[in-house]
Amino acid sequence: DRAGFLVGAVRRDAILDPKTVRAGDACSGLLSSGLHTNGYTLARAIVARAAAAQGKDILAVLQTGRLDLGGGSLGDALLRPHASYLEAFKRIRSVAPLRSIAHLTGGGWEGNLPRALADGLGAVIARSSWEVPALFRMLAGLGGVPEEDQWDTWNMGIGLVAIVPDADVDAVRAAVPEATLLGHVEPERSRERRIRFT
């Protein structure tokens, strides 16, 4: 069992402020490398239930190669190191006025992206703009996890969302080719969640 943490410092005038986010701003996403720091409690429960249902021990379920994971094991997929976004973050900030970022950790999309938005704003995100990795699909199927719970628990393949003015999307793509345009900021809709998927 290993754990680590980072400590950083930033000049006061360089601090990102969600209050600068405007309706129409673009949400660009950077792919995750797996669960990152969220959803392991649910993943452990899914594995334990699968082991009991199959009459196996948990280690056997984790170590077995799986076709839906390209022949790799679930254990290896769950232990994949957390992606680092520092270099991409620096490149984005060098070419565009980066308004805010959201690191999708515990609480999934609805629990994290709204914290990067000004009050009264939400975001519309196109699920078709990236492919949900096999790990998430496999865990959801193995555990019978309802779709809304998947998106409220896991990052579903996007680890970081960077919010920039829409006019700067092409500059971000040129600087960070791996960035994906996910959607846009919009006014919050009354009595609805702040993150709306299409």
Side-chain angles (χ1 to χ4, degrees), residues 2-40 77-133 135-136 150-186 188 194-197:
R2 279 192 245 174
F5 65 93
L6 297 171
V7 176
V10 62
R11 293 189 327 271
R12 190 175 300 278
D13 62 355
I15 294 174
L16 299 179
D17 187 354
K19 292 177 183 174
T20 66
V21 175
R22 302 286 177 260
D25 283 347
C27 298
S28 289
L30 297 172
L31 298 178
S32 69
S33 55
L35 267 62
H36 286 191
T37 59
N38 60 300
Y40 282 93
L78 290 172
L79 290 173
R80 192 166 293 131
H82 191 310
S84 172
Y85 300 109
L86 180 59
E87 290 307 315
F89 170 83
K90 289 178 179 177
R91 280 183 273 146
I92 292 171
R93 202 160 198 188
S94 72
V95 299
L98 182 56
R99 306 253 207 229
S100 185
I101 58 171
H103 188 200
L104 300 184
T105 58
W109 285 77
E110 190 68 28
N112 287 284
L113 186 49
R115 294 187 301 185
L117 304 172
D119 289 343
L121 294 178
V124 56
I125 302 295
R127 287 186 181 173
S128 60
S129 57
W130 80 98
E131 183 178 353
V132 173
L135 171 61
F136 298 99
Q150 297 170 39
W151 293 85
D152 281 353
T153 304
W154 296 318
N155 63 57
M156 301 302 284
I158 298 293
L160 189 86
V161 178
I163 301 172
V164 299
D166 188 62
D168 293 291
V169 166
D170 289 340
V172 169
R173 280 190 185 137
V176 186
E178 63 270 28
T180 301
L181 178 62
L182 305 173
H184 290 85
V185 177
E186 65 177 7
E188 183 179 3
R194 291 177 72 185
I195 308 307
R196 187 168 62 89
F197 292 101

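What's counted below: heavy atoms across the whole structure, side chains too, no hydrogens, waters or symmetry copies.
Taken from CG in Leu113 to CD1 in Ile195, the straight-line distance is 3.5 Å, to the nearest 0.5 Å. We find the CZ-CG distance between Arg127 and Leu182 to be 12.5 Å, quoted to the nearest 0.5 Å. The CG atom of Asn112 sits 10.5 Å away from atom CG of Asp152, with the distance rounded to the nearest 0.5 Å. Distance check: Met156 CE to Phe136 CZ gives 7.0 Å after rounding to the nearest 0.5 Å.
Arg99 has its side chain within reach of Pro165: a pair of non-hydrogen atoms, C-beta onward, lies under 4.5 Å apart. Here the side chains of Asp170 and Val172 are not in contact, with every heavy-atom distance at 4.5 Å or above. Taking 4.5 Å as the limit, every side-chain heavy atom of Ile163 sits out of range of all side-chain heavy atoms of Ile101. Side-chain contact between Asp25 and Val164 is absent, with no heavy atoms from C-beta onward closer than 4.5 Å. Counting heavy atoms from C-beta on, the side chains of Ser28 and Val161 never come closer than 4.5 Å. Taking 4.5 Å as the limit, every side-chain heavy atom of Leu104 sits out of range of all side-chain heavy atoms of Trp154. Proximity of Trp130 to Ile125: side-chain heavy atoms (C-beta onward) are separated by under 4.5 Å at one or more points. Using a 4.5 Å cut-off on side-chain heavy atoms (C-beta onward), Asp168 and Pro97 make contact.
Between the side chain of Asn155 and the main chain of Gly34, a donor-acceptor pair closer than 3.5 Å is present. Panel note: side chain Glu186, backbone Leu121; no donor-acceptor pair is recorded below 3.5 Å.
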Query - From CA spacing to verdict: side-chain contact (heavy atoms from CB on, under 4.5 Å), Cys27, Val185 - result: CA-CA 7 Å; Cys27 298; Val185 177; 4.1 Å; yes
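Between Asp17 and Lys19 there is no salt bridge, since no side-chain N of the basic residue sits under 4.0 Å from a carboxylate O of the acidic one.
In plain terms, the two heavy atoms of Val21 and Ser100 that are nearest each other are CG2-CB, 3.7 Å. The shortest heavy-atom contact between Ala102 and Ala116 is CB-CB, 3.8 Å.
Geometrically, Arg194 does not engage Trp109 in a cation-pi contact defined by less than 6.0 Å to the ring centre and at most 45° from the axis.
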Side-chain polar contacts of residues 77-93 - donor-acceptor pairs under 3.5 angstrom, sequence neighbours left out - could you list them?
{"unit_1": "His82", "atom_1": "NE2", "unit_2": "His36", "atom_2": "ND1", "d": "3.4"}
{"unit_1": "His82", "atom_1": "NE2", "unit_2": "His103", "atom_2": "NE2", "d": "3.3"}
{"unit_1": "Tyr85", "atom_1": "OH", "unit_2": "Leu31", "atom_2": "O", "d": "2.9"}
{"unit_1": "Arg91", "atom_1": "NH1", "unit_2": "Ala175", "atom_2": "O", "d": "3.0"}
{"unit_1": "Arg91", "atom_1": "NH2", "unit_2": "Glu178", "atom_2": "OE2", "d": "3.3"}
{"unit_1": "Arg93", "atom_1": "NH1", "unit_2": "Ala14", "atom_2": "O", "d": "3.2"}
{"unit_1": "Arg93", "atom_1": "NH2", "unit_2": "Ala14", "atom_2": "O", "d": "2.4"}

